[in-house]
Amino acid sequence: MPRLASPIEKLKERYEVLVIGSGYGGAIAASRLARAGRRVCVFERGRDIQPGEYPRTELELHGEVQMDAPIKRTGSPAALFDLRFNKDINVVVGCGLGGTSLINAAIALRPDPRLFADLRWPAEIRNASLDPWFAHAEAMLRPSVYPDTYPRLHKTAALAQSAAHLNAACTRVPLLINFEEPAGGINHAGTVQHPCVGCGDCVSGCNYAAKNTVLMNYLPDAVNQGAEIYTGLCARRIEREGAHWRVLAERTDEAGAASQVSLRADIVILAAGTLGSTEILLRSREYGLALSPTVGGRFSGNGDTLGFAYNADLAINGIGLGVHPTGTIEAVGPCSTAMIDSRAQGDPDLGVIMEDGAIPGAMATLLPAILAAGAKLTGIDTDAGLRDRIEELARVVKSKLLGAYTGATRNTLFLLVVGHDDASGRIFLEDDRARIHWPGVGKQPHFARASELMRRATKALGGTYIPNPVWNELTDHNLVTGHPLGGCPMADDADAGVVNHKGQVFIGTGGAVHPGLYVMDGAVIPRSLGANPLLTISALAERCCDHLAQEYGWTIRYG
């Protein structure tokens, strides 16, 4: 595939529209505004990583991890996996052209529509349907379910067995994964794409050009419409300069020497993700930009809870192929394929989804020891009996001797529950880096209920339930999320939020907004969604782009 990013030497001093970030919000803004005939520039702090270049081995994975902890930062600032450690909740985000779309499970779910009646949303969102904007996003992202023509998957069957034990239905999830060969090998956005091979490595980066990341649709569409994309540029702050915005960014070359880049734009769209966009606004406020006092508020981890049904009585095949060629190991399938969905039952704020998952093959060599240790430390064996105990020990030994694709590790189902927290976390700057403060979040009732649900699901498989390793008394029930939301929440006015329903940034108090300054990513979502958020982020970005175009009298050419 041709790379989408331009050489930094071509960067101009001024653009009509500057988009900061290239995940769902940024890619949509770039595509739609380029289709409105505007001169668009995109900044991305990561690299232009193409299919075939994602990590397959433990060593390659190690080089693609950057970690930001209160005491220090480690790893390359352009590494694919960006891990943010905090006292109360840890966050995993993607860093690269395409943002977190590169490393997510590609689940494209609409949330329970009743959640949009929450008063935390602006009135314009509460009183109108987002259906047209969901449809726009779905037309470009092309969700589909795992087809019957593909091999039957053990992990999907295992989740169905758990569902039967819970007296619940197991349904297939819509996935942003391609399962058919496009005509001529070229997809609807003019990009080379191939069908899924079932490797299971979706969350370490698809090496087969099958996953519908924004690298496969919105971003190439933006470039085809004249947008310019530049990687290796990390925006630091923005400031008003006359009738324009000035953006100050930092460029890091291969030797690690930082240099400053500055340019002007008529319109700036922050789409650097929940943490990135909020950090830029917080830093800009320190330099005098008037903003709502609520900047950094209403942070949510989307109720994410993970666990493992370890050493079950049946094969799961939940470890990605990694370096193994397709066909040499039984197909894993996409990372996630199915869900147990309780959202339609009763109070929408109590609804949850439990999904199956696959662990990347790049971690395979580490898993037998890690999971065996987790089972000893916090595991709950859900079945009993001497014979069962002997069989379980034999599988543990087999995995340790022969590797992750055998024994106890092969018989392990990764589980993710998505639900609701109270979205009362706060992002703030410390040592000029974004940190999260949210005391006691892991003790909210949802997380205990989610853990119990996973234990019951594990019991149906005869396995040992291993809760999230960092969610325990010793860590004060610390959490991990891959779905950070909030920090620049939508609201009716600046007293309640940071942006209005159009994504326009409020000035200080009341309803006045900064001209030409927008946020379009997960940061604008003011509450948990109880579903994987990528489709909601995309729908809101589509809606904001439409309102922006109307504001300036532009026409977006869809289709």
Side-chain angles (χ1 to χ4, degrees), residues 1-2 4 24 27-28 31 49-54 56 98 101-110 134-157 159-160 170-224 317-318 320-321 324-339 355-358 360-361 532 534-535 538-539 542 558-559:
M1 287 176 56
L4 299 177
Y24 292 102
I28 288 169
S31 167
I49 314 172
Q50 294 291 322
E53 299 174 349
Y54 298 101
R56 299 175 188 263
S101 79
L102 302 176
I103 62 166
N104 65 11
I107 297 172
L109 285 167
R110 296 190 186 193
F134 279 119
H136 271 309
E138 289 165 341
M140 199 66 162
L141 295 170
R142 302 289 177 98
S144 58
V145 298
Y146 186 78
D148 290 331
T149 53
Y150 267 58
R152 180 180 180 273
L153 302 177
H154 291 298
K155 65 186 181 71
T156 311
L159 191 68
C170 181
T171 56
R172 297 184 190 184
V173 290
L175 300 168
L176 302 186
I177 294 176
N178 180 51
F179 295 106
E180 297 181 358
E181 184 72 44
I186 305 296
N187 71 9
H188 62 292
T191 301
V192 174
Q193 194 160 21
H194 303 295
C196 176
V197 299
C199 72
D201 289 329
C202 303
V203 298
S204 55
C206 177
N207 281 310
Y208 296 94
K211 185 178 175 184
N212 296 339
T213 67
V214 292
L215 202 61
M216 291 288 169
N217 36 70
Y218 282 109
L219 287 175
D221 183 70
V223 171
N224 291 340
N317 284 2
L321 300 188
H324 297 277
T326 57
T328 58
I329 295 177
E330 196 169 359
V332 178
C335 173
S336 298
T337 57
M339 64 179 175
E355 303 158 346
D356 66 315
N532 305 65
L534 75 84
L535 197 58
S538 300
E542 287 276 13
Y558 294 101

Examine distances only and state if a side-chain atom of [X] and a backbone atom of [Y] form a donor-acceptor pair shorter than 3.5 Å.
X	Y	value
Tyr54	Ile49	yes
Lys211	Leu102	yes
Asn317	Leu153	no
Asp221	Asn217	no
Ser31	Leu219	no
Asp356	Thr156	no

Worksheet item: Please walk me through it: do Glu180 and Thr149 pass side-chain contact (heavy atoms from CB on, under 4.5 Å)?
Response: CA-CA 10 Å; Glu180 297 181 358; Thr149 53; over 6 Å; no
With the side chain counted from C-beta on, respond yes when [X] and [Y] share a heavy-atom pair under 4.5 Å apart, and no when they do not.
X	Y	value
Tyr146	Pro151	yes
Val145	Val173	no
Asn178	Arg142	no
Leu534	Ser101	no
Leu535	Tyr24	no

Taking every non-hydrogen atom, the tightest pair across [X] and [Y]:
X	Y	result
Pro174	Leu109	CD-CD2, 3.6 Å
Ala539	Ala137	N-CB, 4.3 Å
Cys202	Pro334	SG-CA, 3.8 Å
Ile177	Ala106	CG1-CB, 4.3 Å
Val203	Ala358	CG2-O, 4.2 Å
Ile186	Pro182	O-CB, 3.3 Å

Practice prompt. Evaluate the ring planes of Tyr150 and Phe179, with Trp represented by its six-membered ring, and classify them as parallel (under 30°), tilted (30 to 60°) or perpendicular (over 60°).
Written response: perpendicular
Practice prompt. Using the test side chain to side chain donor-acceptor pair (under 3.5 Å), find all partners of Thr213 that sit at least two apart in sequence or belong to another chain.
Written response: none
[atom1]/[X] to [atom2]/[Y] distance, rounded to the nearest 0.5 angstrom?
X	Y	atom1	atom2	answer
Ser204	Arg56	OG	CZ	9.0 Å
Leu159	Met339	CG	CE	10.5 Å
Ser336	Asn104	OG	CG	9.5 Å

Pair up each side-chain donor or acceptor in residues 188-201 with any protein partner under 3.5 Å, not counting sequence neighbours, and list the distances.
| residue | atom | partner | partner atom | Å |
| --- | --- | --- | --- | --- |
| His188 | NE2 | Met140 | O | 2.8 |
| Gln193 | OE1 | Asn187 | ND2 | 2.8 |
| Gln193 | NE2 | Ala210 | O | 3.4 |
| Gln193 | NE2 | Asn212 | OD1 | 2.6 |
| Asp201 | OD1 | Gly361 | N | 2.8 |
| Asp201 | OD2 | Gly322 | N | 2.8 |

